[in-house]
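To keep things clear, I will list the structure first and then write my remarks on it.
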Amino acid sequence: MTPIEAVLAAHRFGLGARPGETARIASDPRGALQAQLQRLPETAAFARFGDTEAIAAQFRGRMQGAERDPDKAMQLLKEGREHYRAEMAARFKNAIATDAPFVERLVWFWSNHFTVSISKVRLVPLAGAYEREAIRPHVLGRFEDMLLATARHPAMLLYLDNALSVGPGSMAGALAGRGLNENFAREVLELHTVGVDGGYTQDDIIELARLLTGWSVDRGRAAFRFFPARQEPGARTIMGRTYESGEEGGVQALRDLARHPSTARHVARRLATHFVSDAPPPALTDALERSFLDSGGDLAALAGTLVSHDAAFEPQLRKARPPAEYLVATLRATVPDASALPEQATDGILGTLRRMGQLPMSAPSPKGWPEDEAVWLASKQVIDRVEWAQALASRLPATLDARALAADVLGPLLGASTATWIGRAPSPAEALALLIASPEFQRR
Amino acid sequence: MTLSRRLLLGSAAAAAGLGALPRGFVRSAWALPTDRRLVIMILRGGLDGLAAVPPVGDPGYDSLRGRLSLAGEAGLHKLDDTFALNPALTTLARWYGEQRLAVIHAVAAPGNQRSHFEAQNIVETGAAAAHATDSGWLNRALPALGVTDAKQALAVAQTMPLVLTGATPATVWTPQGGGSADAAFLNLVERLYANDPVLARGLADARAVDAAAAAAMDDQGGMAAMSSAGQGYAGQFLRAAKIAGGMLAQDGGARLMVLDAGGWDTHVNQGTGEGQLARRLAGLDSALAAFAEGAAPVWDKTVVIAATEFGRTARPNGNNGTDHGTGAAAFVFGGAVAGGRVIADWPGLREGQLFENRDLAATLDLRAVFKGVLADHAQVARGALDDAIFPGSAGVAPLSGLVRA
């Protein structure tokens with residue numbers, strides 16, 4: 001029987017085991033996880049997509065025509081959505097095929113931490129590029145570099161309205177009568193860095209907002225540009241430190257926030273909550289906090305600390321798998337060569353995710369997707385998943401043996417009850433459906 | 001009879017501590033009387049109040065609205081000397097004539113938010129600013145309304161809307177085309193979940209609401225009647241509306257319902273008497289008629305409040321549409337409503353009267369409408385309204401007189 005840690009490495013820290021995966025890492029599961037953190041996996045899957053600037057240019061050129069032609073505008077919206085679907089399909093297939101699922105989970109985690117959402121229509125064609133450019137390259141790097149990359153990415157500046165923020169005392173402010181937008185500064189403090197209990201005040205929010213005026217998007221290309229004429233003049237004080245106005249002041253403030261002890265605590269808690277438990281053990285969060293502080297926010301070191309801690313390998317499955325993870329896990333187990341999935345299939349998967357309330361990169365607020373089981377295993381979710389299970393199983397080859405598959409991908413996690421009912425299923429398809437619908441698949 | 005079903009029930013208990021009533025909160029001896037029904041309809045996207053209820057009698061209206069003006073449009077339903085209903089809203093017009101519709105204008109949630117998710121957050125949380133709390137005002141009102149069983153508070157939507165999210169369990173349901181697991185398989189799954197309380201409960205609840213909706217569908221004439229609703233999004237919406245109405249009428253079923261209708265964000269090519277918005281309004285109007293039909297046995301005792309997160313700009317934009325605005329229209333209708341009038345402290349449409357020189361200004365806080373109905377239809381105490389349900393809103397007086405005595 002495969003050691004339970006090997007199964008947990010794939011089940012809890014990966015995206016669910018593919019056939020043979022747990023056997024491959026059985027001799028040193030923790031080592032196998034650490035090995036993934038050595039280098040970023042290749043992203044050939046995304047090579048065909050351009051960068052933010054190129055994607056936006058594709059649309060911008062035609063935006064000019066659309067101003068006078070409403071039909072052109074609708075056409076652009078439609079193409080933006082097609083681009084989004086193509087990006088999400090590639091992302092999904094990559095998740096099914098990847099041999100570095102722990103890294104992929106980290107990309108999804110940090111992408112959620114620095115949420116950008118297509119609930120704002122302009123972001124529909126850019127959401128994929130945002131994750132590829134501002135999150136993925138830094139997932140094994142330094143937190144402060146990721147923070148800066150997200151804060152300077154056009155998608156984030158548009159999503160949290162900083163692109164529109166103008167200092168009331170600035171030259172542009174006096175002329176245009178436009179003003180300060182606090183949205184971005186508030187979320188940087190509340191969500192991205194020190195956290196709601198991090199020790200900041202409303203004044204700190206306003207000061208940070210003033211300091212970040214001028215951080216916007218170039219008019220001609222979708223790239224970061226600092227507009228000095230929009231910046232609120234004067235030095236600013238944020239959480240006890242003073243910064244001169246100017247672009248560099250904002251950069252320094254963000255670095256200081258990244259290095260603030262409250263940020264270590266906030267990040268530690270979010271990471272432990274996401275991977276291990278809605279009420280993570282203090283021993284674990286303390287260890288993660290220490291790792292973050294000692295390493296200067298090294299995210300590979302942080303992830304390494306997570307998967308070397310005994311608390312992370314408790315055998316009880318306490319976390320509900322959110323829909324995206326659930327779907328990927330079921331496909332990794334049953335359709336391992338899903339990298340060849342046709343477009344129709346991925347469109348269907350996106351439709352299912354939408355029905356389950358987790359269309360990728362569409363979190364309802366800057367806080368990102370909820371963590372708790374009550375949301376993801378509410379009864380509508382349960383029946384959605386049961387129906388997915390039955391529909392998927394009916395399309396799988398009749399030769400696929402649910403009992404062998406259960407032993408392979410779940411090993412000692414397979415409960416007696418599930419094993420019994422799979423064994424008693426009246427048909428191979430129903431046995432597979434029961435496996436996919438099993439409690440063991442709903443949680444990690 | 002096969003069920004074309006996708007009737008799903010979701011319990012939406014938020015984590016402990018969220019939306020919890022303050023210690024010492026005295027549960028009102030009054031509650032939503034068991035024969036009464038309350039429905040909240042959220043029109044997502046920012047419905048253009050100046051198009052749904054055009055103030056054609058305001059001298060500034062026609063030139064301000066330009067290409068989007070409905071002045072002189074055929075089929076306008078005159079309400080009074082200032083206001084009319086969009087030609088597409090024939091059912092609402094009929095209800096107005098029967099004094100079962102009160103139209104409210106120049107109303108908005110606080111906060112002047114022009115971003116969808118922030119403005120919807122404010123409308124649904126009942127707070128004065130976005131993200132102030134994680135629970136919805138309607139969920140916080142459930143104890144005061146005497147609604148204790150999750151099946152009595154039903155949201156018809158893909159996921160539990162924020163307005164009904166919170167510490168008290170409620171239900172979410174939606175009928176959809178697409179796969180449905182057969183009963184035999186569900187029985188197997190039920191056994192599979194026997195040792196898992198969360199999954200077992202979830203499945204059981206889902207099957208219970210499934211059964212309730214099937215019964216409602218039967219009452220509406222079964223599958224044959226449903227298929228006359230037509231194909232596509234509009235057909236689905238009509239079907240859902242009829243079944244939802246039927247479920248509202250069931251004894252021991254939903255007494256409180258949240259309906260969700262989107263697609264109002266008309267930035268491009270809005271149209272006037274015909275076109276995008278008119279079509280959507282017609283669809284909504286038909287769905288409301290279907291809903292009322294389904295709920296006929298209890299319609300007399302029903303109040304529906306339909307509200308949107310903000311209105312739209314007074315002037316058209318460069319794409320023959322409108323952008324996000326402020327003052328909007330809201331509708332309160334149902335058999336229990338004292339209607340037949342437009343309630344508006346009309347700010348006017350002259351340059352100096354527009355909000356930030358672009359939007360219809362708001363002269364009424366949307367919370368006043370919710371509070372007025374909760375107070376008059378369900379006897380919810382003022383103290384609870386001002387504090388637990390709409391925190392910090394002591395200065396917002398309930399708009400009374402919307403409900404018949």
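So that the names make sense, note that chain A is the first sequence line, chain B the second, and so on, each numbered from 1.
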Part of Ala200(B) within contact of chain A (heavy atom distance under 4.5 Å): neither

Trace of the salt bridge (charged side-chain N to carboxylate O under 4.0 Å, His left out) decision for Arg443(A) with Asp196(B): CA-CA 11 Å; Arg443(A) 296 193 183 84; Asp196(B) 190 309; 2.6 Å; yes

Select one option (side chain, backbone, both, neither) describing which atoms of Gln442(A) are under 4.5 Å from chain B's heavy atoms. side chain

Just how far is it from atom CG of Leu192(B) to atom CD1 of Ile422(A), taken to the nearest 0.5 Å? 7.5 Å

Go through the atoms of Asn183(A) and report whether side chain, backbone, both or neither lie under 4.5 Å from a heavy atom of chain B. side chain

Rounded distance [0.5 Å steps], CG in Asp134(B) versus NZ in Lys367(A): 4.0 Å

Taking atom CZ of Arg269(A) as the centre, report whether more than 12 heavy atoms of other residues, nucleotides or ligands fall under 6.0 Å from it. no

Heavy-atom distance under 4.5 Å between the side chains of Pro426(A) and Leu188(B), does that happen here? yes

Validation row: Tyr193(B), Val386(A) side chains within 4.5 angstrom (heavy atoms): yes

Could you give me the CA-CA distance, side-chain angles and deciding distance for Phe185(B) and Leu434(A), then say whether side-chain contact (heavy atoms from CB on, under 4.5 Å) is met? CA-CA 9 Å; Phe185(B) 181 62; Leu434(A) 287 173; 3.8 Å; yes

Interatomic distance, Leu199(B) atom CG to Ile383(A) atom CD1 [nearest 0.5 angstrom]: 11.5 Å

Sort Ala437(A) into side chain, backbone, both or neither according to what part of it lies under 4.5 angstrom from a heavy atom of chain B. both

Let's go through Gln390(A) and Asp182(B) carefully: what are the C-alpha distance in whole Å and the side-chain angles of both, what is the deciding distance for side chain to side chain donor-acceptor pair (under 3.5 Å) to 0.1 Å, and is it a yes or a no? CA-CA 9 Å; Gln390(A) 190 175 40; Asp182(B) 56 70; 3.1 Å; yes

Taken to the nearest 0.5 Å, the spacing of Glu118(B) CD from Asp161(A) CG works out to 7.0 Å

Within a reach of under 6.0 Å around CZ of Arg354(A), are more than 12 heavy atoms found that belong to other residues, nucleotides or ligands? no

How long is the gap from NE2 on His131(B) to OG on Ser365(A), to the nearest 0.5 Å? 5.5 Å

If you count heavy atoms of other groups shown closer than 6.0 angstrom to CD of Glu351(B), is the number above 12? no

Measuring heavy-atom distances to chain B, does Ala433(A) have an atom under 4.5 Å in its side chain, in its backbone, in both, or in neither? both

